[in-house]
Amino acid sequence: SIKAGGFYYMKDRVFTEDRYRVESPGIRFGGSLEEYFSSENIGIVGTEEFPRYTNYELGIFPLYSSIPANNYEGRESVSAAYLMSTLAITDKLKFVGGARFETTSIFVESQDSLAADSLRIGNIDNSNILPSVNLIYAVNDQMNIRASYSKTIARPSLREIAPYSSFDPRIDEFYNGNPDLVNTDITNVDLRWEYFFAPGELIAVSSFYKDFKNPITVQFQPSSNREFRFVNVEEGEIMGVEIELRKGLGFIHPRLEKFKLNTNVALINSSMTAPEDRGTQVPTERPFEGQSDILINGGLSYVDVDAKFNASINVNYFGDRLDQIGREGTPDIYERSRTSLDFVMSKRLGRVGIGLSAKNLLNPVYQSSSTYKGQEFIYSRFRRGRDFSVSVSYTM
C-alpha cells in the first residue's frame, strides 16, 4: 500500500508586558509584610513645611518599569507533505517507510527599535527531508522483532527565540531568549522484541538511541542581574533500554481474571555538550535537563464491565534528574528521586456516576540539592501533601 498526506500548522503571537517594581525610599522592611504594606506606608506618608515649598515624604509606591525589548510579535508556521509505503517483502518480513518534506518558518521581532536587527529579530526559515524506515519480522503469530531508523527535528519555541527577558521567581533569576537559535536535528534508531500473550497483553524489550545536533539548553551569564540564556550546543545523545509488560492475572487463578498488570522500566543514559562558562568547576558535558537515568511505572487495574466498576492503583518512580545548571562553577542542582502512589476508582449506578481519587498517597519529599566534595547542599525541600477528591455525575 502507498499513502500520502499533508500538514499545515500556524501560530501568531502578540506579547506585551506591564512590569512594575515597588519603591520605598522612606520605609524599611521590619520583617512583617502586613505592617510593611499597611495603608499608613502607602503613598505620601509625611510632609515638612518650608516658607516657599512643602517637602513630601514618600512611602511605598509602584514604578512602571517595562521596556520595549520585552514586547514582541511572533509567528510560526510548519508545512509538511509525506509519502509512505507498506510492503510485504516476504511472508514474515514487512517494510513500512517513506519520507516527509517539512518547511519551518519562525519569525520574532521585539519592539525595541533602537537595537540592531541581530538583537531584536529571531528568524528560522529552512526545509528538511526526514526519512523513516521500519522493518517488522514476524517470528511467529505471537512474536515480532522491529527495527527502525528515522530523522526528526526539534524547533525552539517562540519564547526561547524571542529577544525577551523574563523573571523566574522560583529561582530568583532571569531567563533571556536568543534570536540566534537554530533547529535541533535528531537521528533515531530503535530495536524492539515483543511477544503477545493475547490481544492487549504483551511483554516487550526495546533499545533506543538518539543523536542530537545543536540541542537547546541554557547557559549561565554572569552580570549585575544573574541571568540564564537559551543556547544551542554542539551535540548530545540519549540511549537506553526499556522493558514493558501488560498481562491479565487470570492465569494465576480464575478469580483474578478481571485484574490486569501494566508496568514498564526504562534505564536511560543521556549527555550533551555543556555550554561555556566562566567557572572553574564546569563539566564538559551534562545530562539532558529533566532526564532521569531510571524510570519505573506500574499499575494494577480491576475492570468489571457488567458491574460498571473499575479501579486502579498506580506507582511511579524516577531517578535523580538535572533541575538547574550551576552558576560560575558551582555544582549543578538536581531534583532528587521520589516515588508517587495514586488510586482512582469509578462506579456507574444507572445514570449516576461516582468517582473517587486519592493522589500522592506516599506524600514524598520534593527535594533539589547539589553535591560538593561528598556533602549535599539543599536548594529546596518540601512536601506537596495528599490530594483526595470525590465526583458525582448525572447523564441525561
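The first residue in the sequence is number 1, and the count goes up from there. Hydrogens, waters and symmetry mates play no part in the numbers below; they use all other heavy atoms, side chains included.
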### Aromatic ring proximity Y195/F197, centre distance under 6.0 Å
yes
### Task
Output the distance between atom CZ (R100) and atom CD1 (I153), rounded to the nearest 0.5 Å.
7.5 Å
### Task
Specify whether F228 and Y175 have parallel, tilted or perpendicular ring planes, treating 30° as the upper limit for parallel and 60° as the lower limit for perpendicular.
parallel
#### Entry: S110 side-chain N/O to Y72 backbone N/O, donor-acceptor pair under 3.5 Å
no
### Message
To check you understand the geometry: which heavy-atom pair defines the closest contact between K92 and V139, and what is its length?
### Response
NZ-O, 3.2 Å
### Crowding at CZ, F61 (>12 non-hydrogen neighbours, <6.0 Å)
yes
#### Entry: Rounded distance (nearest 0.5 Å) linking atom CG of N297 with atom CD of E244
10.5 Å
#### Entry: Ion pair check, E335 and R338, cut-off under 4.0 Å
yes
### Query
Is the distance between the ring centroids of F288 and F212 less than 6.0 Å?
yes
### Query
Do I129 and F101 pass the side chain to side chain contact (heavy atoms under 4.5 Å, CB included) test, and can you show the C-alpha distance, the side-chain angles, and the key distance before you say yes or no?
CA-CA 5 Å; I129 296 178; F101 177 75; 3.8 Å; yes
### Task
For the pair R351 (side chain) and T395 (backbone), establish whether a donor and an acceptor sit closer than 3.5 Å, ignoring hydrogens and angles.
yes
### Task
Identify whether V96 and L83 are in the same connected component of the hydrophobic contact network (ILVMFWY, side-chain heavy atoms under 4.5 Å).
no
### Task
Using a strict cut-off of less than 4.0 Å between a Lys/Arg side-chain nitrogen and an Asp/Glu carboxylate oxygen, indicate whether E201 and R246 qualify as a salt bridge.
no
#### Entry: Positive for side-chain contact (heavy atoms from CB on, under 4.5 Å) with L341, one of N314, L362, N363
L362
### Task
Just do the side chain to side chain contact (heavy atoms under 4.5 Å, CB included) check on M345 and Y302 with the steps written out, would you?
CA-CA 9 Å; M345 62 166 287; Y302 176 86; over 6 Å; no
### Task
Nearest 0.5 Å please: distance from the OG atom of S24 over to the CZ atom of F37.
8.0 Å
### Query
Could you go step by step and tell me if K258 and V303 meet the side chain to side chain contact (heavy atoms under 4.5 Å, CB included) rule?
CA-CA 6 Å; K258 297 177 181 179; V303 179; 5.9 Å; no
### Query
Under 3.5 Å, is there a donor-acceptor pair between the side chain of K210 and the main chain of G236?
no
#### Entry: Y137 with I89, same ILVMFWY side-chain cluster at under 4.5 Å
yes
### Minimum-distance pair of heavy atoms, taken over all atoms of V189 and Y149
CG2-CD1, 3.9 Å
### Task
Hey, could you give me the CD1/CG distance between I145 and L135, rounded to the nearest 0.5 Å?
11.5 Å
### Query
Got a donor-acceptor contact below 3.5 angstrom from the N176 side chain to the R229 backbone?
no
#### Entry: D332 (side chain) donor-acceptor with G326 (main chain) under 3.5 angstrom
yes
### Task
Would you verify whether the NZ or CZ of R159 falls within 45 degrees of the ring axis of Y164 while also being under 6.0 Å from that six-membered ring's centre?
no
### Query
Are the side chain of D304 and the backbone of F309 linked by a donor-acceptor contact shorter than 3.5 Å?
no
### Task
Give, for atom CG of D112 and atom CG of N70, the distance between the pair rounded to the nearest 0.5 Å.
9.5 Å
### Message
Main chain of S1, side chain of S85: is a donor-acceptor contact present, judged purely on distance under 3.5 Å?
### Response
yes
